[in-house]
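Report on the structure given below.
Chain A is the first sequence line, chain B the second, and so forth, proteins listed ahead of strands; every chain is numbered from 1.
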Amino acid sequence: MQISFKNVSYIYQPKTPFEYKALQDLSFTIPSGSFVAVIGHTGSGKSTLLQHLNGLLAPTHGEVEIGDYKIQADEKNKQLKSLREQVGVVFQYPEHQLFEETVYKDIAFGPTNFGVEKDEIDDRVERTIDSVGLSSDMLERSPFDLSGGQMRRVAIAGVLAMEPSVLVLDEPTAGLDPRGQREMMDMFYQLHRDQQLTTVLVTHSMEDALAYADYVLVMDQGQLYMEGEPLEVFHQKEALNDVGLDVPEIIEFITKFEQKFDTSMQYTNQPLSQFAEQLKNKLKGGHHDE
Amino acid sequence: MERSFLTFNNVSFQYREDYPWVLQNVTLNVKPNEWVAIIGHNGSGKSTMAKLMNGLLFPQHGSVVVDGEELAEETIWEIRKKVGMVFQNPDNQFVGTTVKDDVAFGLENHGVPREEMIKRIQQSLETVGMSSYENQEPHRLSGGQKQRVAIASVLAVSPELIIFDEATAMLDPKGRREIMNTVNHLRRERDVSIITITHDLNEVAMADRVIVMNKGEVWHEGTPREIFAKQAELTDIGLDAPFVTKLAHELKDMGLDLEMEPINHEEMLDALCKYHLKT
Amino acid sequence: MNDSMIIGQYVPGQSLVHRMDPRMKMTIIFFFVIVVFFANSFGSYGLLTLFAFVSVAITRIPLSFILKGLKPVWFLILFTFLLHVFFTRQGDVLFEIFSFPVYEEAIEQGVKISLRFFLLILLTSLLTLTTTPISITDAIESMFHPLKKVKFPVHELALMMSISLRFIPTLMQETEKISKAQASRGVDFRSGPIKERVKAIVPLLVPLFVSAFKRAEDLAMAMEARGYQGGEGRTKLRELTLTKEDIAALVLFVVVMVGVFILRT
C-alpha cells in the first residue's frame, strides 16, 4: 500500500502552555512495496510520525493517506479498525505487550479482534510462529516462561498474524546481542520480500538503514530534513552530523581514506571482500591496473 | 605480582538446584585502576557475574574476594561501599523524586552527615555534567541523562570499582556517547577500576583488557587487539567483530598483511599508509 | 492531561506559603478545619474567609485559576446550599419558589454551610497547590516519627510513598504505550458495549502488572546495591526546618482563631 503524508502537522496539547509541535508540515510518499528507513535523533518526531501510520494519532493539520484510507484532522474515521488490520506495528520492546496464558492465544489475539475465522487463525498461527523462527512446540507454553529474545519473536508473530500489508518497525533490535540483531533484521527483510510488504523501519542504526532500506527519510525537529536513497543520503556526512546523526561506519572510513590518500572511492553496498579488493588496488596505484 | 582488587576463584553459580549452571569455574582478576570489558552473547552469564561482585548473589562454589576481603553476609555492606553498580534500565534504578534526591539515596544509606552529603552531591553531579539538573524530576530526563545521574549516585559514595552492567544497552547513540565520554572522563579524573559488561564493540575497544564469556565459562581473555584478532571464533559464539577488524581480515586473505591488528580507523589508515609506502 | 481539575496538583512558586515548612502548613490546616466548625456568626465566618483569601493572595496563584479548578466541587457546594434552602423551615418566610416557601433561616444556614464547605476545600487545595507531594511525605514522616516507639513503620511508609510518587509518571507513560500497542492489535478501548470494554482492560492490565513487578524487582536490587538496609543509621538530605516565617504564620493563625471564638455568638 502506498503511504503519503500531505502537509501533516501534529501538535500535542494545543492551546495550552504545554503546546508542542511534534510534526511540522511534513510531506512525503512511500511507494507500495518499498522498504523505508526513518532516522533522526530522539525527539525528532519519528515516533509521532509512526503513530500516524495506523491512526493512533490523527494529524492536527493536513492529511495522511494509506492505500485507500484517509486520515484527516477532526474527522472520526470509521474504517480505523480495518486500517489497523492492514498496518501492523511492531513497537519498541514489543515483548511488553504480551499478556495471554499461552503463546498460541497471544498470537491469535490480533486476528481474533479483527474477526478472522477460527480455522484461518489456526493456520496463521502455525505459519507465523514458523516465520519468526520459533518451533510450534512452544504454542502451548506461557509466553512469560520464554527467553527475552523468544518473547520478542512471539510478539512479532502476533503482529504478523494480522497479515498486514504494511509493517511498521520501531527499533526492533533494541537490547539484542549482535547476532540477535542481525538475525532479527534478516528475518524482517525476508518477510518484506516474501510477502511483498511495505516496510517502514524507525531506527537509530545507520548500518541497518544502509543495509536494508531502499529509501531513507531523515527527521529533525518535526520536519523532513533530508530524503533519498541510502547512499545518496549517507554521503552527506556534514549535513547529517549537523542534526546529531552519524553516517554508517564504512562511509565514515571511506571519507577518511579519501582524505588521507587524496583519492576517491565508490561505495555501492558491495560486499566487504570486494571493497577490500578495491582498497588494495587503490593502494597499489589502482590507475595502472585498468 | 600486582595487587588484585577483585578476584573470582573458581566461581560456579546456579539460580536453583534443578537449574543449569549459569557460571562454571570462573576465575578472574581485576587490578586497581584497570578497565576490564566483559563481553558475551545474551545468556552467557555476564550479568550474573556482575551481581556476584557485590553480593547481590552468592556463588555455590568458589569465592569472590574484593579488596582482600571475601564476600559473605557479614562483609557485603562494607564491600558495597567499594563496589558501585550502574544497571541497564535507566528508569528502574532511579529511586529519588529528583536528581538531587537520587544521588543522596546512597549517601543516606551509608549515614553520611548532611553537610558532607551536599558537598558530595555537587561534586559528583559536576563530574557527570548534570549540575544544572539538580532539581529535575526523572521523567523529564532522557535515558542518557538518567544513566549519568545513576553514575553520579555511585560516584558520590566514592567506590573503588564501578560496574556498568549493560548500562548503555537501552540508550540511543547519543546517550551511549554521553555515557562513554563520562567513563573516559572518570578514568582521567579519579582512581577507580571499571568493569563494563556489554556487547557494544566500540566500548570494548576502549578497555585495557577484555574477558569473553561463552556459556558460563571464560572463553578467552586478553587485550582488545588480541580478542578482535580471533574474529572468526567471535562470530561463532554469537558476537561480532568491529568493521576495522573485519576489513583487516579481508585484506589479509588477499595477501595484504598489515603490520599489526588495527582496532580503530586511525590505526587502520596508518597501517595502510605504511603498506602503501612499501609498495 | 485534565487541566480543569486542580486538586492534588502542584503549582511551582517562591511565595511565603510555598516556602513554609509543610509540617506547619499541615498543622495550620488541621486546626483551621476544626475551627471552621466552631464558626457560627457572620463575623466569625467573615474572619475565616478573610484569612483564607489572604492566604491565597500570598501564594500568587491567581484566584480565578483555583476557582476554575474547583469546578467539580462547585456542584457539591451548590447542592449543599439548595438542600438547606429547601429543607430548613425556621424563621420568616422570605419568598416562595413555585409555591415552595423559602425561610430566612434557610438562606442563612445554606450560606453558612456552603461557605464552610468551600473554605475547607479552598484551604486544603492550597496545601497541595503550594507543596510538592514529596514535601508532604517528608512532613508525614517527621510528624509520625514518635510513632516509631510503638513499632509503627514510619520510615518504610514514607519511602513507599515517595517511590510511588516517583513512579506515577513512569507508569502513566507505560500505560499509554501498552494501550497503543494493543489498540494496534485491534483492541477498542473507546466504544462498544460495556462488557466488551471491560474485557479490553485485560490486555492492558496484565502487561502493566508484569512490567510493574519487573520494575519493583530491579529497583529493589538497585537499592540494595546502593547500600539500602532499612531506616536504621540513615541520614537524610531532606531536612525540614521551622523558620521565623513559620512561627509568624502560626502566631497570625492563633490570633485569627482567638478572633473567631470572640466573634462567635
- Message: Taking atom CD as the centre, does Glu249(A) end up with more than 12 heavy-atom neighbours from other residues, nucleotides or ligands that are less than 6.0 angstrom away?
- Response: yes
- Task: Examine whether an atom of Ile250(A) lies under 4.5 Å from a heavy atom of chain B, and if so say whether it belongs to the side chain, the backbone or both; otherwise answer neither.
- Result: both
- Any sub-3.5 Å donor-acceptor pair from His204(A)'s side-chain atoms to Asp172(B)'s backbone N or O? no
- Message: Could you check whether any side-chain N or O of Lys280(A) sits under 3.5 Å from a backbone N or O of Met254(B), counting only pairs where one atom can act as donor and the other as acceptor?
- Response: yes
- Message: Main chain of Asn42(B), side chain of Asp177(A): is a donor-acceptor contact present, judged purely on distance under 3.5 Å?
- Response: yes
- Lys260(A)/Asp270(B) salt bridge by N-O under 4.0 Å criterion: yes
- Between Lys256(A) and Leu269(B) the two heavy atoms that sit nearest each other are CB-CD1, 3.6 Å
- Message: I'd like to know if Arg179(A) pairs up with Asp236(B) as an ion pair, taking the criterion as any Lys NZ or Arg NE/NH1/NH2 lying under 4.0 Å from an Asp or Glu carboxylate oxygen.
- Response: no
- Task: Identify which part of Ile237(B) has an atom lying under 4.5 Å from any heavy atom of chain A, answering side chain, backbone, both or neither.
- Result: backbone
- Under a 4.5 Å cut-off applied to non-hydrogen side-chain atoms, are Glu277(A) and Glu250(B) in contact? no
- Could you state the interatomic distance from NE2 (His265(B)) to CD1 (Ile254(A)), rounded to the nearest 0.5 Å? 10.5 Å
- Quick one: which of Leu247(B), Leu256(B), Ile39(B) has the most heavy-atom pairs under 4.5 Å with chain A, could you say? Leu247(B)
- Message: Which one wins on heavy-atom pair count under 4.5 Å against chain B: Phe261(A), Phe257(A), Tyr93(A)?
- Response: Phe261(A)
